[in-house]
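Worksheet for the structure shown next.
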Amino acid sequence: MELAKRVKNLPPYLFVQISRAIAEKKAQGIDVISFGIGDPDIPTPNSVIETLKSASDNKINHRYPESEGLPVLRKNISEFYKKRFGVNLDPETQIINLIGAKEGIAHAALCFIDPGDIAISPDPAYPVYEIGTMFAGGKCHMVQLRQENGYLLDPTDIPTDVAKKAKVLWLNYPNNPTGATANLEYFENLVLFCKEFDIALLHDACYTEVTYDGYVAPSVLQVNGAIDVCMEFHSLSKTANMTGWRVGMAVGNSEMVNALMRVKSNIDSGLPQAIQQMGITALHLSKGWINSNNEIYRKRRDKVVSVLNQIGVHTNPPKAGLYIWTPVPKGYSSSQFASDLLEQVNVVVTPGNGYGLGGEGYIRLSLTIPDDQIDEGLRRLSQFRIKG
Ligand SMILES: *Cc1c(COP(=O)(O)O)cnc(C)c1O
């Protein structure tokens, strides 16, 4: 038996290494505080769980769902986009329901990338943009996100011959891992760039509802004419603490959405209908619920930023997302700093280079652990001594 190159060449999944380090510590009887994985610790709202309970009794939901998803969920997504972003979407042709955004992001590559094709990806980035491209036989041209640019992918960093050849450009704002945000003017610029070079603009918008200090994140589809070249990915995972339930969506250009639907209908049979019903309830969570959920993260953010600055790790609070992204002190690499933290004070953080070479020199801390663990983690961090 021989495995395919696409499997053999896979880098080890970042969090597998972290889990291993934690397991080794545990085996020595040491309990570790992990700021590693981004997965909301706050439970799914009750109203959403109640929806699942009653939907599970309905025998209609015991059968195969439709690949493109329940029309009523698509209609609710369209209403959400209208209300939240002022964007009009046709539920029949411009929206598809996903089993979480991740599968849609990975499968999108199969819609645009033939063997040898190029996709443009930010670096650092959510690893699925690059791996999805690789699975489709393509290659990613990585564009470094620079701190001095506010981690906005700068299209003038893309060589013209690459732009001419590229099929796809990935963006993600609010950004994981950097916490960066983009305004509408920035999106306008990138839509023009993609139109000029006939590139599909794929925007991962999973964090638009997780924002702080009054910041409101735009959708790329608010740009006039964006619908000609864009598909946007959304998810209820982070918005509504639903990572365990898997509700995502892709919206935008109808030809692009249709291509994704055709790919997916040959791979999966859609999102369980009872879970689609949960999605409908979650899309109607009140502004008040969203605000108080974000307020929990905002308090954690402020505590973490303050302790990092205290120990000499200079950090600014992000306006969105679930992560603190910060440069490591001088003289450390990402992984040296992360392993020193684990050795000295039994705290796990994610080394930035796990998100691409462009993340070297940074670490990421996730805000998705319970408050008592955050407090204990910060107590430990405050005892950390930077070398030399
Ligand atoms: C969490 C996350 C996703 C995946 O969301 P799911 O809907 O849970 O699959 C996609 N993109 C980014 C940047 C994320 O951080």
Side-chain angles (χ1 to χ4, degrees), residues 11-42 124 126-127 147 151 175-180 210 212 238 243 295-318 320-388:
Y13 189 54
L14 178 61
F15 296 110
V16 174
Q17 290 163 315
I18 294 175
S19 308
R20 199 172 300 143
I22 296 175
E24 276 167 24
K25 282 276 182 182
K26 277 205 177 126
Q28 300 164 30
I30 300 165
D31 106 86
V32 161
I33 302 279
S34 175
F35 290 93
I37 296 179
D39 182 357
D41 59 300
I42 309 164
Y126 186 59
Q147 186 170 10
Y151 302 108
N175 185 261
N176 174 13
T178 67
V210 186
Y212 312 114
K238 318 295 165 45
T243 46
E295 185 59 12
I296 296 171
Y297 295 127
R298 204 266 314 151
K299 287 189 185 136
R300 294 176 182 175
R301 175 200 70 169
D302 290 349
K303 284 199 247 187
V304 172
V305 167
S306 138
V307 169
L308 287 172
N309 282 316
Q310 243 174 21
I311 64 168
V313 179
H314 186 68
T315 308
N316 294 315
L322 295 174
Y323 314 102
I324 306 294
W325 178 256
T326 189
V328 298
K330 249 172 80 181
Y332 287 97
S333 69
S334 292
S335 41
Q336 274 162 359
F337 192 64
S339 65
D340 272 22
L341 281 175
L342 184 59
E343 278 319 305
Q344 263 195 50
V345 293
N346 298 312
V347 165
V348 171
V349 301
T350 313
N353 58 327
Y355 300 92
L357 294 177
E360 179 50 52
Y362 292 81
I363 51 165
R364 193 192 82 166
L365 289 87
S366 169
L367 301 174
T368 56
I369 59 175
D371 287 290
D372 55 336
Q373 283 186 48
I374 292 246
D375 291 340
E376 172 59 17
L378 292 179
R379 194 190 62 74
R380 294 181 188 186
L381 275 179
S382 66
Q383 292 168 349
F384 181 77
R385 294 287 166 264
I386 290 171
K387 69 180 178 191

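The shown structure was predicted, so the numbers you read here are calculated from the model rather than taken from an experiment. If you read the sequence from its start, that first residue is 1, and numbering goes on from there.
Ion pairing between a basic and an acidic side chain is recognised when a charged N comes within 4.0 Å of a carboxylate O; Arg298 and Asp302 show such pairing.
Contact annotation: the side chain of Lys330 never approaches that of Lys387 to less than 4.5 Å [non-hydrogen atoms, C-beta and beyond]. Counting heavy atoms from C-beta outward, Thr243 and Lys238 have side chains that approach closer than 4.5 Å. Looking at Thr350 and Phe35, their side chains never come closer than 4.5 Å, going by heavy atoms from C-beta outward. For the pair Leu381/Leu365, a side-chain contact is recorded, criterion being any heavy-atom separation below 4.5 Å from C-beta on. Proximity of Val313 to Val328: side-chain heavy atoms (C-beta onward) are nowhere separated by under 4.5 Å. Side-chain contact between Leu341 and Ser339: absent, with no pair of heavy atoms (C-beta onward) separated by less than 4.5 Å. Side chains of Ile369 and Arg300 form no contact here, defined as non-hydrogen atoms less than 4.5 Å apart.
The closest donor-acceptor contact from the side chain of Gln383 to the backbone of Val345 lies at 3.5 Å or more, if one exists at all. Side-chain atoms of Ser366 do not come within 3.5 Å of backbone N or O of Tyr323 as any donor-acceptor pair. At distances below 3.5 Å, at least one donor-acceptor pair connects side-chain atoms of Ser334 with backbone N or O atoms of Tyr362. Judged purely by atom type and a 3.5 angstrom limit, Thr326 has no side-chain atom pairing as donor or acceptor with the backbone of Asn316. Of the possible donor and acceptor atoms, one in the side chain of Arg380 sits under 3.5 Å from a partner among the backbone N and O of Asn346.
No hydrogens or angles considered: a donor-acceptor pair under 3.5 Å links the side chains of Tyr355 and Arg364.
Taking CD1 of Ile363 as the reference point, atom OG1 of Thr315 lies at 7.5 Å (rounded to 0.5 Å).
At most 12 heavy atoms of other shown residues, nucleotides or ligands fall within 6.0 angstrom of atom CG in Leu357.
Partners of Ser34 according to the side chain to side chain donor-acceptor pair (under 3.5 Å) rule, which considers only residues two or more places apart in sequence or in another chain, do not exist here.
A tilted orientation is assigned to the rings of Phe384 and Tyr332, their planes being inclined by 30° to 60°.
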